Amino acid sequence: MRLLYHLGGADFGLTEPLAHTNRPLYAIISHTWGLDSEEVTFQDIVNGTGKDKAGYEKLRFCSSQARRDGLIYFWIDTCYINKSNAVELSEAINSMFECYRNAIRCYVYLSDVPGTHGDWKLAFRASRWFTRGWTLQELLAPASVRFFALDHTLLGEKTYLQKDLSEITGIAISAFCGTKPLAQFDVEERFMWAKDRQTSREEDWAYCLLGIFGVFIPLIYGEGKRNAVRRLRKEINDILEDVITPTYQQSKPLLLSTLSSLTPF
């Protein structure tokens, strides 16, 4: 995992890859992607380019908001991954849920909510952010999620907006506010949370759910959504069997003893 930090002016630096045990406190941004050509990339940060891209505003916003919260480092998915490295890309996607869960603050940047003037909740409820696959884990994983409008106005913390969020997403408040572990929600219920969400690459519909189910699978772009979901379900079922089988084996002697004591009719 690499983190960004402010160098001064309009420049940002990127740390070397950091091990899980060696990460400083950091903020993280959740957003919807624009055109690929308008998002700041890993190469842009390394080469000091991309400052004229529309996506650079997200870096400025996240950096300044993190500093206001007393944080030096921040993370954004557009430019922390060296996508030319297939191994690094796979590791990054498989660990993305953890990246969000371990963040001190998550800032949701809603570029289609202009501000708080007028009935801003109409724009909030219609935001594209609620239709994307990857943003699902970005709502569920972090303890602190704050929503901001395009003009950087704070709309509210997810605990404050919990009723609206539940109505918009169909997700129980206990799931995204962390009062009930995700593993305690039925598998099919968790799949339903993503039912109407879209991803730019069809396989990502399955890959964006990895952390929600606590599983890891290799990325095979080109396999199609159906095959990706099939592999995801197989991994989920394998884990469930690993959990259920020891419990059954432990209870089997008692079960056999009980059955042998029964008198047939």
Side-chain angles (χ1 to χ4, degrees), residues 4 6 10 12 26-40 50-71 74-79 96 100-101 103-179 192-200 204-205 208 212:
L4 288 156
H6 187 227
F12 299 97
Y26 63 93
I28 201 165
I29 192 170
S30 174
H31 66 109
T32 55
W33 284 50
L35 296 173
D36 284 349
S37 60
E38 290 300 321
E39 296 293 351
V40 181
K51 295 175 185 176
D52 58 340
K53 292 183 175 182
Y56 211 80
E57 176 58 24
K58 300 174 188 176
L59 272 71
R60 294 190 188 97
F61 160 71
C62 192
S63 174
S64 62
Q65 186 59 48
R67 292 200 303 275
R68 278 193 287 272
D69 287 338
L71 299 168
F74 65 99
W75 184 98
I76 184 169
D77 57 358
T78 58
C79 54
M96 197 169 291
Y100 278 90
R101 181 157 63 183
I104 298 299
R105 292 277 189 274
C106 176
Y107 309 131
V108 178
Y109 182 80
L110 301 178
S111 57
D112 51 1
V113 180
T116 54
H117 49 277
D119 192 354
W120 62 268
K121 280 198 174 181
L122 288 176
F124 177 75
R125 285 174 169 267
S127 177
R128 181 170 172 259
W129 189 86
F130 294 109
T131 70
R132 308 304 297 168
W134 288 107
T135 57
L136 175 58
Q137 66 178 356
E138 296 160 17
L139 171 65
L140 297 170
S144 173
V145 179
R146 295 178 178 178
F147 291 83
F148 291 85
L150 178 64
D151 65 359
H152 303 181
T153 303
L154 175 64
L155 303 175
E157 171 82 33
K158 71 174 174 179
T159 51
Y160 172 74
L161 296 166
Q162 61 184 18
K163 186 175 182 293
D164 295 287
L165 293 171
S166 184
E167 290 174 355
I168 295 165
T169 63
I171 299 173
I173 291 172
S174 57
F176 60 77
C177 284
T179 55
M192 283 298 295
W193 296 343
K195 178 177 176 290
D196 296 321
R197 291 175 178 257
Q198 296 91 41
T199 54
S200 297
D204 279 339
W205 191 91
C208 74
I212 292 170

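Worth saying up front: this structure is predicted, and the values here are computed from it rather than measured. Along the sequence shown, residues are numbered consecutively beginning with 1.
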Q | Test item: Leu150 and Leu110 side chains (from C-beta on) under 4.5 Å apart, heavy atoms | A | no
(Q) Which label fits His152 and Phe61: parallel for a plane angle under 30°, tilted from 30 to 60°, or perpendicular past 60°? (A) tilted
Q.
Quick one, Ser200 with Arg132, criterion side chain to side chain contact (heavy atoms under 4.5 Å, CB included). Give me CA distance, side-chain angles, the key distance, then yes/no.
A. CA-CA 9 Å; Ser200 297; Arg132 308 304 297 168; 3.4 Å; yes
**Q.** Working for side chain to side chain contact (heavy atoms under 4.5 Å, CB included), residues Leu140 and Ile212
**A.** CA-CA 8 Å; Leu140 297 170; Ile212 292 170; 3.8 Å; yes
Q. Is a salt bridge present between Glu38 and Lys53, judged by a nitrogen-to-oxygen distance below 4.0 Å?
A. no
Q.
Please report whether the ring centroid of Phe147 lies less than 6.0 Å from that of Tyr160.
A. no
Q: Tell me, with the steps shown, if Thr131 and Asp196 meet side chain to side chain contact (heavy atoms under 4.5 Å, CB included).
A: CA-CA 7 Å; Thr131 70; Asp196 296 321; over 6 Å; no
Q: Can you spot which of Trp134, Tyr107, Tyr109, Trp129 makes a side-chain hydrogen bond (donor to acceptor under 3.5 Å, both in side chains) with Ser30?
A: Trp129
Q.
Could you check whether Asp77 pairs with Lys58 (Lys NZ or Arg NE/NH1/NH2 to Asp/Glu carboxylate O, under 4.0 Å)?
A. no
Q. Just checking, is any N or O donor in the side chain of Trp33 or Thr78 under 3.5 Å from an acceptor N or O on the other one?
A. no
Q. Which pair of heavy atoms, one from Ser166 and one from Ile171, lies closest together, and at what distance?
A. OG-O, 2.8 Å
Q.
Within the structure provided, determine whether Leu4 and Ile76 are in side-chain contact (heavy-atom separation under 4.5 Å).
A. yes
Q. More than 12 non-hydrogen atoms from neighbouring residues, nucleotides or ligands closer than 6.0 Å to CG on Asp151, yes or no?
A. yes
Q: May I have the step-by-step check of salt bridge (charged side-chain N to carboxylate O under 4.0 Å, His left out) for Asp119 and Arg125, ending in yes or no?
A: CA-CA 11 Å; Asp119 192 354; Arg125 285 174 169 267; over 6 Å; no
Q | Atom pair CZ/OG of Arg128 and Ser111 - distance to nearest 0.5 Å | A | 7.5 Å
Q.
Checking Arg197 now: which residues fulfil side chain to side chain contact (heavy atoms under 4.5 Å, CB included) with it, not counting sequence neighbours?
A. Thr135, Leu136, Thr169
**Q.** Heavy-atom side-chain contact between Phe74 and Phe12 under 4.5 Å
**A.** yes
Q: Report yes if some heavy atom in the side chain of Phe148 is under 4.5 Å from a heavy atom in the side chain of Gln65; otherwise report no.
A: yes
Q) Just checking, any donor-acceptor pair under 3.5 angstrom between side chains of Arg67 and Ser63? A) yes
(Q) Evaluate Val40 against Leu59 for side chain to side chain contact (heavy atoms under 4.5 Å, CB included), listing each step before the verdict. (A) CA-CA 9 Å; Val40 181; Leu59 272 71; 4.2 Å; yes
